[in-house]
Amino acid sequence: MIQKNLFEDIMRTKPIFKNREFLRHTYIPDRLLHRDEQVKQLARILAAPLRGETPSNVLIYGKPGTGKTATVRYVGKELEEASKNSQMKVNVLYLNCEIVNTHYRVLASLAETLLDQMKESEVVKNLPRIPRTGWPLDEVYRAFVKTLDAENRQVVIVLDEIDKLVRKEGDDVLYSLTRVNLELKKARTCIIGISNNLSFINMLDARVRSSLSGEEVVFPPYNANQLRDILEERARMSFCDGVLAEGVIPLCAAYAAREHGDARRALDLLRVAGEIAEEEGAETVTVEHVRKAHETIEQDHIVEVIKTLPLQSKLVLLAISILAQRKPRPVTTGEVYEYYKMICHKSGTDVLTSRRVQDLIAELDLLGIICARLVNRGRYGRTKEIKLNIHPLQVQALVQEDAILSLVGPEIFAFLSP
DNA sequence: AATCCACAGGAAGCCCGGGAAC
DNA sequence: GTTCCCGGGCTTCCTGTGGATT
């Protein structure tokens, strides 16, 4: 009985998606809507290499999901194409500094990408390969410079999330990258830095700052109308004809516009809504599916955050969840601390001071897992009223997954349950 | 008006692990 | 290998807060 219906059911319903890949934010579209201004500006700056000149460095700002990376990649691709027909060779090196963020690995990774791009060339054989680890920094730097300078060319270095490279004084990587032209005989480089953090520039060394911010391109958030255009374009490519009900795209756009115009968010929303509809066996995607998708995404986010919380924060959260389950009114800092101490004793964990726990509660609030409101209760002091933003039982299930707490064993949870 | 509760939250400093420099 | 430095987690100590109570 199972076998017979299994595929029948699936085949009977009409498909929702043509190709959902176009809804992923890793996909770079052939044309970028509502970013003409930025594309033009960037192209104007980056046209210099084609004339054999070195372009100035560029800093690109904008909130997440405003199309910064997509635009730069798009312009970069076009630039490489155009360079094939000109006498000047151009290489575009893309690096995400969130993933690669140490001095050593930035240089090594850039050199590696470049070697990769010139693997047909003869000179490649004489160039050093930088090992993953082991060399002193100056040697890595020399190898990097040698690789850059192997040919006559312009190298555009794109540093995505460049702010991740800056920690107070330690911007040596950026310093050496901005100075590297002085050591090159044949090649020229320029840097495109992408950041969603406007204030990071203030943390830079003055010399690096002036060098980096030769040109600036700002990416404003998309408004709801623009998001709608983007979604409509992608929806045409990804969904089967006529499966999207009236109002689906505007609602996705509205949700995302509320989240400071994040196009990624909008695309995710649309994709998840489609997936939910598919799972339900529905033939069309409705606004109700979008609402569910919105909740799912929000929920997934919180679940992920809780899972990765440090142990002590989990214990505090556990205390809050149990108290919240036991009584209807909001719990206070003092109550949480008392209960937290008890949990620590039962589980054999170190007990932190109440001051520290105050900070942990503030962090949980900031993460959106709880909602803490400062209240004055006159004679009965001043405290925070804490409410949980998700179901207590879900919190307890998630916390129970913690490796350290699972070593303690389930008896602690048995003891804690009401 | 004075008091007082139950914390909030700032400042300073300790401790420890990890990476860089020597 | 050793020393130095740095940042993050944490503690200690402290001052501030605003309305119910006296």
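Protein chains get the first letters and strands the later ones, always in sequence-line order, with residue 1 at the start of each. Keep in mind the model is a prediction, meaning the values are calculated, not measured.
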Phosphate oxygens OP1/OP2 of B:dA6: is one of them under 4.0 Å from a side-chain N or O of A:Thr333?
-> no
Report the residues that fulfil side chain to side chain donor-acceptor pair (under 3.5 Å) with A:Tyr340, sequence neighbours left out, ordered by chain and then residue number.
-> A:Gln312
Could you list the residues that satisfy side chain to side chain donor-acceptor pair (under 3.5 Å) with A:Lys186, not counting sequence neighbours?
-> none
For DNA chain C, what residues of residues 373-385 of chain A have any heavy atom nearer than 4.0 Å?
-> A:Asn376, A:Gly378, A:Arg379, A:Tyr380, A:Gly381, A:Arg382
Among all residues two or more places apart in sequence or in another chain, which pass the ring pair (Phe, Tyr, Trp, His ring centres under 6.0 Å) test with A:His294?
-> A:Tyr255
Please identify each residue that fulfils ring pair (Phe, Tyr, Trp, His ring centres under 6.0 Å) with A:Tyr380, with sequence neighbours left out.
-> none
Sorted by chain and residue number, the ring pair (Phe, Tyr, Trp, His ring centres under 6.0 Å) partners of A:Phe144 (sequence neighbours excluded) come out as none
How does each nucleotide of nucleotides 12-17 of chain B score, in 5' to 3' order, for protein heavy atoms under 4.0 Å: base (B), sugar-phosphate only (S), or none (-)?
-> ------
Interface residues of residues 353-363 of chain A with DNA chain C (non-hydrogen, below 4.0 angstrom) = A:Thr353, A:Arg355, A:Arg356
Identify every side-chain donor-acceptor pair in residues 38-53 of chain A under 3.5 Å, counting partners at least two apart or on other chains, and give the distances.
residue	atom	partner	partner atom	Å
A:Gln38	NE2	A:Val218	O	3.1
A:Gln41	NE2	A:Glu216	O	3.4

Kindly write out the residues that satisfy side chain to side chain donor-acceptor pair (under 3.5 Å) with A:Thr147, not counting sequence neighbours, or none if the list is empty.
-> none
For A:Tyr94, enumerate each residue passing the ring pair (Phe, Tyr, Trp, His ring centres under 6.0 Å) test, keeping only those at least two apart in sequence or located in another chain.
-> none
How long is the line joining NZ of A:Lys341 and P of C:dT11, in whole Å?
-> 12 Å
Non-neighbouring partners of A:Asn152 that pass side chain to side chain donor-acceptor pair (under 3.5 Å), sequence neighbours left out = none
